[in-house]
Amino acid sequence: MIEYSDFSKKVIKLIKSIPKGNVATYGLIAKLAGRPQGSRGVGWLLHSSTRKHHLPWQRVIKSGGKLSFPEGANAYFLQKELLEKEDVIFLNGRIDLKKYLWKKITLF
DNA sequence: GTTTTGACAGTAT
DNA sequence: AATACTGCCAAAA
């Protein structure tokens, strides 16, 4: 049975490990997965694997704390709402990465 | 095996 | 600040 690449598996695992109330950027995920510049692969995997693995895709955002969708898109508001439900507050349309960026610490 | 797509990031203009 | 261009990676067609 063919499986995903190590990169993909790591990405999936990492995303599943994002604690509630935290967010991660594509670049960060890619970096942790071993491909510092594979943010696009992460994005692809994310939307592609979300069906198979119930991934918290809403916790994965673009650099700078911005969502991956243009304002006005239905998915944008959906994601925003999901995040706010998890105590992630939006400031001026962006997330405060200083507070919510997942640093892979999880030493709660 | 080559081309296309995809929910990106970084730099330059 | 906003846009354009480039670099990068993985999966599907």
Side-chain angles (χ1 to χ4, degrees):
Chain A
M1 164 181 181
I2 305 176
E3 289 190 358
Y4 287 107
S5 303
D6 294 339
F7 173 74
S8 307
K9 287 190 281 191
K10 285 180 183 174
V11 171
I12 304 298
K13 198 168 184 176
L14 286 166
I15 293 174
K16 280 163 70 175
S17 304
I18 301 174
K20 178 186 169 191
N22 279 240
V23 295
T25 63
Y26 291 90
L28 178 63
I29 296 295
K31 204 172 175 182
L32 293 174
R35 297 290 182 279
Q37 295 166 315
S39 49
R40 299 181 60 177
V42 174
W44 187 91
L45 280 169
L46 186 53
H47 82 78
S48 180
S49 302
T50 294
R51 319 178 196 168
K52 308 181 182 84
H53 316 265
H54 303 143
L55 299 179
W57 59 272
Q58 70 256 37
R59 295 180 190 154
V60 184
I61 59 180
K62 294 198 300 188
S63 65
K66 295 178 289 193
L67 298 187
S68 312
F69 303 98
E71 302 175 18
N74 187 27
Y76 179 91
F77 298 111
L78 174 61
Q79 183 173 17
K80 183 169 181 283
E81 202 166 328
L82 286 169
L83 288 172
E84 289 182 332
K85 242 171 73 175
E86 301 189 351
D87 307 317
V88 178
I89 309 303
F90 279 69
L91 300 176
N92 201 12
R94 290 186 200 113
I95 294 173
D96 189 348
L97 293 178
K98 289 179 181 294
K99 292 177 183 163
Y100 303 110
L101 180 62
W102 178 52
K103 300 165 229 156
K104 184 126 191 335
I105 301 179
T106 59
L107 31 70
F108 276 61

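Please read these numbers as outputs of a predicted model, since none were measured by experiment. The sequence lines fix the lettering, A, B, ..., with proteins before strands; numbering per chain opens at 1.
- One distance of note links CD1 of A/Ile12 with OG1 of A/Thr50; it measures 7.5 Å at 0.5 Å rounding.
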- prompt: Can you check side-chain contact (heavy atoms from CB on, under 4.5 Å) on A/Leu97 and A/Ile61, steps first, answer last?
  reply: CA-CA 10 Å; A/Leu97 293 178; A/Ile61 59 180; 3.9 Å; yes
Atom pairs under 3.5 Å, N or O on each side, protein against nucleotides 5-9 of chain C: can you list them with distances?
| residue | atom | partner | partner atom | Å |
| --- | --- | --- | --- | --- |
| C/dG7 | O6 | A/Arg40 | NH1 | 2.9 |
| C/dC8 | N3 | A/Arg40 | NH1 | 2.7 |
| C/dC8 | N4 | A/Arg40 | NH1 | 2.6 |
| C/dC9 | O2 | A/Gly41 | N | 3.0 |

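- Listed by residue number, the members of residues 87-97 of chain A with any heavy atom below 4.0 angstrom from DNA chain B form an empty set.
- In this structure, A/Lys9 NZ and A/His53 NE2 are separated by 10.5 Å, a value rounded to the nearest 0.5 Å.
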message: Pair A/Val11, A/Leu46 - check side-chain contact (heavy atoms from CB on, under 4.5 Å), show working.
response: CA-CA 8 Å; A/Val11 171; A/Leu46 186 53; over 6 Å; no
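- A heavy-atom distance below 4.5 Å is found between the side chains of A/Ile18 and A/Val60.
- When heavy atoms are screened at a 4.0 angstrom cut-off, A/Ser63 is found touching the sugar-phosphate backbone but no base atom.
- A/Glu86 meets the side-chain contact (heavy atoms from CB on, under 4.5 Å) test with A/Lys20, A/Gln58, A/Arg59; sequence neighbours excluded.
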task: Go through the steps for A/Ile89 and A/Tyr100 under the test side-chain contact (heavy atoms from CB on, under 4.5 Å), then give the verdict.
output: CA-CA 9 Å; A/Ile89 309 303; A/Tyr100 303 110; 3.4 Å; yes
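- Exactly one of A/Ser63, A/Ser39, A/Ser68 qualifies for a side-chain hydrogen bond (donor to acceptor under 3.5 Å, both in side chains) with A/Tyr26. That residue is A/Ser68.
- The distance between atom NZ of A/Lys31 and atom C1' of B/dC8, rounded to the nearest whole Å, is 15 Å.
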message: Please evaluate residues A/Trp102 and A/Ile15 with respect to the criterion side-chain contact (heavy atoms from CB on, under 4.5 Å), reporting the C-alpha separation (whole Å), side-chain torsions for both, the decisive distance (0.1 Å), and the verdict.
response: CA-CA 10 Å; A/Trp102 178 52; A/Ile15 293 174; over 6 Å; no
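- If you measure from atom CG of A/Leu46 to atom C1' of C/dA11, you get 14 Å, rounded to the nearest angstrom.
- One N or O on the side chain of A/Asp96 and one on the backbone of A/Lys98 form a donor-acceptor pair closer than 3.5 Å.
- Within residues 65-82 of chain A, the residues approached by DNA chain B to less than 4.0 Å at the level of any non-hydrogen atom are A/Ser68, A/Phe69, in residue-number order.
- Residues passing the side-chain contact (heavy atoms from CB on, under 4.5 Å) test with A/Lys80, sequence neighbours excluded: A/Leu67, A/Tyr76, A/Glu84, A/Phe90.
- For A/Ser8, a side-chain nitrogen or oxygen approaches OP1 or OP2 of C/dA11 to under 4.0 Å.
- Put simply, CH2 on A/Trp57 and CG on A/Leu82 are 6.0 Å apart, with the number rounded to the nearest 0.5 Å.
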Each nucleotide N or O in nucleotides 11-13 of chain B that has a protein N or O under 3.5 Å away: list the pair and distance.
none

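- The local environment of NZ in A/Lys85 is sparse, with at most 12 non-hydrogen atoms from other residues, nucleotides or ligands closer than 6.0 Å.
- One interatomic measurement links the two molecules: CG of A/Leu14 to P of B/dC8, which rounds to 18 Å at whole-angstrom precision.
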